[in-house]
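Since the structure comes first, as structure tokens, the remarks are kept for the end.
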2 protein chains.
Amino acid sequence: MPDTRRSWKEVRDRIHQKILSGQVRPGDKLPRDADIAAEMNCARTTVQRAMQDLADSGLVERRRKGGTHVRRDPVTRATLDIPITRNEVEQKGNTYGYQLIGRETLAPPHSVQAAFGQNLPGPMLHVQALHLADARPYILEDRWICLQTAPEILDVDLSETSANEWLVMNKPYDDLTLRFYAEKADEKRATLLGTDPGDALLVIERTTWISGAPITTVKSSTEPGYQLISRS
Amino acid sequence: MPDTRRSWKEVRDRIHQKILSGQVRPGDKLPRDADIAAEMNCARTTVQRAMQDLADSGLVERRRKGGTHVRRDPVTRATLDIPITRNEVEQKGNTYGYQLIGRETLAPPHSVQAAFGQNLPGPMLHVQALHLADARPYILEDRWICLQTAPEILDVDLSETSANEWLVMNKPYDDLTLRFYAEKADEKRATLLGTDPGDALLVIERTTWISGAPITTVKSSTEPGYQLISRS
DNA sequence: ATCAATATTAAGTAACTACATATTATGTCA
DNA sequence: TGACATAATATGTAGTTACTTAATATTGAT
């Protein structure tokens with residue numbers, strides 16, 4: 001085998017290597033795609049793919065005309081998968097349970113409006129529900145659903161189907177913000193989650209939009225000890 | 001303009017639309033790339049790119065021969081950028097400060113060994129340091145560095161340069177695990193972070209490897225109120 | 001010298017082609 | 001019938017060409 005063609009992954013790894021072995025330093029400009037292609041004896045498209053990947057993972061920055069530069073503020077870029085809670089529970093081998101706690105149509109409080117920024121969401125459905133793993137409280141969700149964008153939710157029997165699942169299956173979103181933080185369990189949440197007030201809870205806030213219009217925002221308080229782990 | 005060529009993003013969005021408008025349901029098989037290309041009047045490469053993107057974002061699954069299927073357990077896939085702490089602080093317009101608390105060569109405790117799995121890391125440097133924003137405690141890091149993989153760290157003046165920065169700049173990794181959870185501040189951490197014991201802290205654990213060899217593992221306890229926010 | 005029009009550059013996108021690879025289906029021989 | 005080879009199939013990867021787009025540099029007119 002004289003000189004097997006190198007895949008874009010090889011090209012990527014070579015450049016990756018160069019960057020972090022110090023041959024090329026943060027802020028440095030890399031050669032043009034075409035030159036790298038010539039040097040590595042491959043097509044520009046291959047270099048393009050490699051560079052795209054490096055750019056996606058936060059290692060380099062590319063600008064038309066400007067060329068490709070090694071980022072001077074390298075970031076750790078990680079991907080998280082947040083599954084539907086039912087699947088998450090069943091994946092772990094536990095039995096999934098669901099319990100509706102409250103449901104009411106209401107004008108959203110200011111904190112919820114803030115989550116949506118400019119676009120005022122109008123009247124919303126406020127749903128509180130508990131997800132269970134083997135009958136133990138797992139995640140407590142406090143959700144607001146925009147009735148302008150998702151009026152069909154009013155016809156859904158939320159004591160049967162969780163809003164979580166219904167929305168994921170029926171209301172596609174094209175924009176999403178996630179927010180993670182730690183919070184002390186207050187009296188009410190502690191009771192519902194079967195833990196003690198003051199316990200540290202990981203909270204996940206998720207807000208979704210479809211073409212600019214708000215769909216839903218959820219504040220999920222997880223059971224004590226819950227961990228989020230990045231994809232490899 | 002009769003029929004402008006459609007980009008791979010248009011193709012992606014059209015399919016995305018189909019999937020979540022219910023025209024195609026979770027588990028369903030999508031037509032072959034070639035057929036979609038014909039239908040949409042574009043090249044297969046364009047469909048390929050579109051499909052790749054949908055697969056990357058967790059919406060569909062592709063298998064050679066098997067074809068493309070809509071995932072039956074859709075996940076919310078989010079990307080997080082975790083910058084170097086100095087940059088994070090300065091980005092917010094605060095002054096960055098750094099303070100070394102402790103430094104010692106030590107055999108790692110079992111919990112640290114566990115983070116690395118099988119590969120035993122050997123002797124390690126244990127470093128504790130505090131990152132400050134406007135002279136207020138921001139992140140407390142408790143780090144273990146593998147001396148086999150990164151012996152040069154012993155020559156670094158860690159009272160000047162943070163291990164965080166030195167490692168990011170000098171020790172490339174090719175594998176990384178992140179873990180997020182909430183934890184109550186214990187007495188010691190509360191003091192260092194200038195808060196009260198029992199406060200809920202968001203903890204970020206990061207472990208890195210290079211070609212299978214452990215580099216470092218950090219447990220970063222963030223100031224109360226700290227939030228992680230996903231990239232758009 | 002200033003500003004605007006124009007050219008140049010380097011990445012971005014897309015078409016078409018060809019072959020690779022993984023997987024499934026089929027067929028043949030013992 | 002069962003094991004194994006073979007064919008068919010759909011995605012994956014790579015090359016080549018051509019054109020687009022955004023950013024920069026140059027030119028030229030005032």
Side-chain angles (χ1 to χ4, degrees), chain A residues 1-16 18-19 24 26-72 77 79 231-232, chain B residues 1-16 18-19 24 26-72 77 79 231-232:
Chain A
M1 220 177 292
D3 184 31
T4 177
R5 279 193 306 195
R6 42 192 104 277
S7 70
W8 66 269
K9 285 181 184 175
E10 288 179 85
V11 174
R12 178 197 59 189
D13 291 344
R14 275 229 229 165
I15 296 167
H16 187 125
K18 271 196 190 177
I19 290 174
V24 198
D28 282 3
K29 185 174 181 174
L30 291 168
R32 344 187 323 237
D33 290 7
D35 292 345
I36 292 178
E39 189 194 324
M40 298 216 184
N41 192 41
C42 67
R44 181 164 80 86
T45 36
T46 310
V47 178
Q48 243 276 129
R49 270 179 99 57
M51 286 301 201
Q52 279 288 358
D53 200 62
L54 289 170
D56 282 350
S57 60
L59 250 155
V60 303
E61 263 175 333
R62 318 193 81 203
R63 283 205 327 278
R64 281 177 166 161
K65 167 80 181 176
T68 308
H69 291 259
V70 180
R71 278 189 72 139
R72 58 180 74 246
R77 193 161 287 174
T79 308
R231 286 170 51 80
S232 55
Chain B
M1 222 178 289
D3 185 29
T4 176
R5 280 194 305 194
R6 41 193 103 276
S7 70
W8 64 268
K9 285 181 184 176
E10 288 180 84
V11 174
R12 177 197 60 187
D13 292 345
R14 275 229 229 164
I15 296 168
H16 187 124
K18 271 194 189 178
I19 290 175
V24 197
D28 282 4
K29 185 175 181 173
L30 291 167
R32 342 187 325 236
D33 290 7
D35 292 345
I36 293 178
E39 189 194 323
M40 297 216 184
N41 193 40
C42 66
R44 181 166 79 85
T45 36
T46 309
V47 178
Q48 241 279 128
R49 249 175 118 31
M51 286 301 199
Q52 280 288 359
D53 199 64
L54 290 170
D56 282 350
S57 59
L59 250 154
V60 303
E61 262 173 334
R62 319 192 80 201
R63 284 207 326 279
R64 282 178 166 161
K65 170 75 181 179
T68 307
H69 291 259
V70 181
R71 278 188 71 138
R72 55 180 74 247
R77 193 161 288 174
T79 308
R231 289 170 48 80
S232 58

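The basis for the numbers below is simple: all heavy atoms, side chains too, and nothing from hydrogens, waters or symmetry mates. Numbers restart at 1 for each chain; the letters A, B, ... are given by sequence-line order, proteins then strands.
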Sequence neighbours excluded, every pair satisfying salt bridge (Lys or Arg N to Asp or Glu O under 4.0 Å) that has a member inside residues 34-52 of chain A: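 Listed once each, the pairs are A:Lys18-A:Glu39, A:Arg32-A:Asp35.
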
Between [atom2] of [N] and [atom1] of [X], the distance in whole Å:
{"X": "A:Asp35", "N": "C:dA11", "atom1": "CG", "atom2": "C1'", "answer": "13 Å"}
{"X": "A:Lys9", "N": "D:dT13", "atom1": "NZ", "atom2": "C1'", "answer": "10 Å"}
{"X": "B:Arg32", "N": "C:dA22", "atom1": "CZ", "atom2": "P", "answer": "20 Å"}
{"X": "B:Asp53", "N": "C:dT13", "atom1": "CG", "atom2": "C1'", "answer": "14 Å"}
{"X": "B:Asp33", "N": "D:dT9", "atom1": "CG", "atom2": "C1'", "answer": "12 Å"}
{"X": "B:Leu54", "N": "D:dG12", "atom1": "CG", "atom2": "P", "answer": "12 Å"}
{"X": "A:Leu30", "N": "C:dA10", "atom1": "CG", "atom2": "P", "answer": "14 Å"}
{"X": "B:Lys29", "N": "C:dT23", "atom1": "NZ", "atom2": "C1'", "answer": "11 Å"}

Smallest separation among heavy atoms of A:Ala50 and A:Val11, with atom names: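 Looking at all heavy atoms of both residues, the closest pair is CB-CG1, 3.7 Å.
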
Phosphate-side-chain proximity, B:Gln48 and D:dG12, N/O vs OP1/OP2 below 4.0 Å: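 Answer yes for this pair, as a side-chain N or O of B:Gln48 is under 4.0 Å from OP1 or OP2.
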
Under-4.0 Å side-chain N/O to phosphate OP1/OP2 contact, A:Thr46 with D:dG15: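 Answer is yes, contact under 4.0 Å.
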
Backbone N/O of A:Asp56 and side chain of A:Arg77: donor-acceptor pair under 3.5 Å: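 Yes, A:Arg77 side chain to A:Asp56 backbone: donor-acceptor pair under 3.5 Å.
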
Test item: B:Thr46 side-chain N/O and B:Cys42 main-chain N/O as donor-acceptor pair under 3.5 Å: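 No: the side chain of B:Thr46 does not pair with the backbone of B:Cys42.
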
Sorted by number, the residues of residues 60-71 of chain A with heavy-atom contact under 4.0 Å to DNA chain D: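 Residues of residues 60-71 of chain A that come under 4.0 Å of DNA chain D are, in numerical order, A:Arg63, A:Arg64, A:Lys65.
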
Distance-only donor-acceptor test (3.5 Å): side chain B:Arg44, base D:dG12: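 Side chain to base: pair present.
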
